[in-house]
Amino acid sequence: MTEFLQFLRLLQRNKVTLILVPLITVIVCFFLVKKLPDVYESHARIATGLVDKTDQIVTTQRDEQDSQISRKFESLIQAMRLKKTLDQVSYKLLLNDLKGVKDSTWREPVKELSEMSKSDKSKAIALLTQKYKAKEELFLWKPFENRINKILDDMGYSANALREKLVIYRTGTGDFIDIEFEGDDPAFTAYVINTLSNEFISFNSSRIVGNNRKTIEFLQNFMMQKLDALNARMNTLKNYKIQNRVLNLNEQAKSIYGQMADFETRQQMAERDIIAYSAAIKNIDNKFNPADREYFESALTSLNQSIVASKTNLRLLNEKYVQSNFDPKLKAGVDSVRTQLVTQIAAASDKYIYSPMASKQDLVTQKLTMEISLELSKNSVSSIKNELKRLNKKFDGLVPNEAKIQEYETGIDIASKEYIEALQRYNEASLEFSFPVYLRLIERAMPGEVQASKKMVLVILSGVISFTFCVFVFFILFYLDKSIRYPLQLANATERPVLGYLNVLDKTSSLSLSGMNSSDGKSMRLYKNLVRSIRYELDNEKADPKIIAVTSLSEDVGKTSLVIALGWAFSKINKTVLIIDGNFGQPDVSKLNPDYSLFDTYLKKDVMLDATPGQISILGNKGGDASLLELADEKLINEKLTALKTQFDIVLIETDSLNAMNKAKEWITFSDRVVAVFAAGRSISEEDQSKIQYINNLGEKFAGWILTNTEDIPEQAGKIGKPVEV
């Protein structure tokens, strides 16, 4: 807060500057903006279709996030502000001026344009037309194109000049982009906005069509590649099936497996019949005695050869029946032969081939029938086994084909999915790009309306900015200024208390004792009051009598006036005061008060001084290059000063500055208290640090600092110390 107050005081001291600089700036700005032309503003609006999809006949896109829509709007706005887009407007504006198009020229041609020859104009028109159609920029390394670019700049048609007055923004969260442009002619502003809108819409539409066409072509080529890959895999599978005679592997496997199961079932039935027929024949044979069997066997050998032929025919038909997988057509033939054979056997039985002595004709007939069935079953088992071997071999041949075909079918399935996905994307893109949504200029710009004058605003801003700049400059100076102007600054810098301060005196003020008593100006009255405050602080430092040495870090800091003023202040409280001019290099006290006795004479002789209460006595010097101990030895000086303390209540000694460290130290050695003087407006240098350290080493002997030559400080009293940091 203290530094802020100090800054305010700095501003107060420079209030004239703070008033004059903004005032002059306002006056100059007023005359500068007085002749500025009026400003007109036109407005147009473009619908994008990014939010409002009402005009889209078919839409396949999902709802987008606000952030995605915002990025698209930002891309459109930045594309509209591109130099490439604004150059199209610049070309048309300059072409209008070159061709002299009626109602499309609003500015006076610049000197270079008005002085251009017809051939150069024709060349410029051809160049700008070619650049406009090709949407190219001017190549500045070519002299003629650089010349055209300079004309654009001078006429205010360049992309940068147009961009400065152009405002493009999205209206809230809606679907529209607003365009605003300022100019010095209402028709000019409308023309610029409408031309810019049309050029950008045309550019954006061509870009959309081109991108859509490239996308469709790419997706179509991609789809055809996937279709070719699918057809190639299908052809590979087809050729493999043809080469390996595979129609339907799964159906073939099922058919073979079914046949094998059927044959295995029939084999089991045939084997069971063989066992049954063999056991039955054996039982019949056991019922015949050997004579009967002999007669039967002899009779059997003479059977008709037709029965044997029928048996052979029956065996062959049975083998064909098994090999044909039991074809019902062959089954009828087998049954027919079997019936014929049974008939032949019955006929043979009627001839009594068995012994007429026995009545076992039925058993013989059964045996013959069973033997035929047994033979037929044995023949069936052999044929079934051969057929099973053939089917197993054929089934084993299907296994490698199954693995290869499965590999081909897997590849075909993957290729089919890729093709279907590519086809779907192609169809979606074709459907979406068949009905694109283009930007539309839904609100054309009309001739601009005159805007409220900004002249007064500019004048006010000039004053505010100049005032702010001045304050900023003073702040920088204040921040960089290391000089000490206030007591608290001095206390903080030296870490020792400040007894008080003294204001700067007018040049007409007298610093002598007589002048102190006679002067009564405002600054002198303040000076006296401040001196009284310092006197009070020193009076409380140590009981009288006391010797007070006054020194400083450098010369010309108001040390002499302080000593005289302190002597005057102590005399006002009816004390006996002695002032000793101990500054041999600059004896200012002696010069200001001619009625004095010499201090060196007092040391050498017994000089009686008048010590009257309320009066001031002075011991001066002749000056020169001398020091205290050069006048007398330490013992004598001590005795003389002790004698002075018995006569006077206060002995004030002005010593040399601490630049002459040894001279000041000699006086300080014989003093009871030491006061240091510092002039306001000066800073503490690196050389002063050793002097301040010496003062701090004096301990309680050092009473404090006194700040002189201060300005603009409210009157105050009391000792000031460094604030205690918490």
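It should be emphasised that the depicted structure is a prediction, and the values quoted were computed from it without experimental measurement.
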| task | Could you go through the side-chain hydrogen bond (donor to acceptor under 3.5 Å, both in side chains) check for Q693 and Q689 one step at a time? | result | CA-CA 6 Å; Q693 185 178 1; Q689 295 298 328; over 6 Å; no
| said: Before you tell me yes or no, could you show the steps for Y501 and S533 under side-chain hydrogen bond (donor to acceptor under 3.5 Å, both in side chains), namely the whole-Å CA-CA distance, both residues' side-chain angles and the distance that decides it to 0.1 Å? | reply: CA-CA 9 Å; Y501 66 92; S533 176; over 6 Å; no
| query | Should T560 and E654 be marked as a side-chain hydrogen bond (donor to acceptor under 3.5 Å, both in side chains) after you check the CA-CA gap, both sets of side-chain angles, and the distance that decides it? | reply | CA-CA 7 Å; T560 301; E654 180 188 356; 2.9 Å; yes
| field | Intermediate values then yes/no, salt bridge (Lys or Arg N to Asp or Glu O under 4.0 Å), R532 and D539 | value | CA-CA 10 Å; R532 290 187 177 99; D539 207 20; over 6 Å; no
| request: Mind running side-chain hydrogen bond (donor to acceptor under 3.5 Å, both in side chains) on S554 and R682 for me, showing each step along the way? | output: CA-CA 10 Å; S554 59; R682 299 191 182 187; 2.9 Å; yes
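Considering only heavy atoms from C-beta on, Y527 comes within 4.5 Å of L502 through its side chain. Counting only heavy atoms from C-beta outward, the side chains of F73 and I177 approach each other to under 4.5 Å. At least one side-chain heavy atom of N696 sits under 4.5 Å from a side-chain heavy atom of R496. The shortest side-chain heavy-atom distance between I637 and F670 falls under the 4.5 Å cut-off. No side-chain heavy atom of V550 sits under 4.5 Å from any side-chain heavy atom of T655. Side-chain contact between F702 and R673: absent, with no pair of heavy atoms (C-beta onward) separated by less than 4.5 Å. You'll find the side chain of E180 stays beyond 4.5 Å of the side chain of I168, heavy atoms only. Contact annotation: the side chain of V504 never approaches that of T710 to less than 4.5 Å [non-hydrogen atoms, C-beta and beyond].
Crowding of K645 atom NZ: a count of heavy atoms from other residues, nucleotides or ligands under 6.0 Å exceeding 12. Within a 6.0 Å sphere centred on OH of Y694, heavy atoms belonging to other residues, nucleotides or ligands number more than 12. Within a 6.0 Å sphere centred on CZ of F469, heavy atoms belonging to other residues, nucleotides or ligands number 12 at most. For E634, the CD atom sits in a loose shell: 12 or fewer heavy atoms of surrounding residues, nucleotides or ligands are nearer than 6.0 Å. In E687, the CD atom is not crowded: 12 or fewer heavy atoms of neighbouring residues, nucleotides or ligands sit closer than 6.0 Å. Counted within 6.0 Å of CZ on F474, heavy atoms from surrounding residues, nucleotides or ligands total more than 12; the atom is thus considered enclosed.
Seen from the ring of Y602, K640 counts as a face-on cation partner, given the 6.0 Å and 45° thresholds.
From I695, atom CD1 reaches atom CG of L553 across 5.5 Å, with rounding to the nearest 0.5 Å. How far CG of L566 is from CG of L538: 6.0 Å, rounded to the nearest 0.5 Å. The CD atom of E41 lies 8.5 Å from the OG1 atom of T189; values are rounded to the nearest 0.5 Å.
With respect to K701 and D672, no salt bridge is recorded, no charged nitrogen being found less than 4.0 Å from a carboxylate O. A salt bridge does not link K665 with D656: none of the charged nitrogens is closer than 4.0 Å to a carboxylate oxygen. The existence of a salt bridge linking D87 and K83 is confirmed by a sub-4.0 Å separation between a basic side-chain nitrogen and an acidic carboxylate oxygen.
A distance-only check finds a donor-acceptor pair linking the side chain of W667 to the backbone of G582 [under 3.5 Å].
Of all heavy-atom pairs spanning V498 and A491, the tightest one is CG2-N, 3.7 Å.
Paired with I580 under the rule side-chain contact (heavy atoms from CB on, under 4.5 Å), one option of V563, L619, I547, I618 passes, and it is L619.
Annotation: salt bridge (charged side-chain N to carboxylate O under 4.0 Å, His left out) contacts of R45 (sequence neighbours excluded): D178.
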Can you give me every donor-acceptor pair (side chain of residues 14-21, partner residue at least two apart or in another chain, under 3.5 Å) with its distance?
from	atom 1	to	atom 2	distance (Å)
N14	ND2	L10	O	2.7

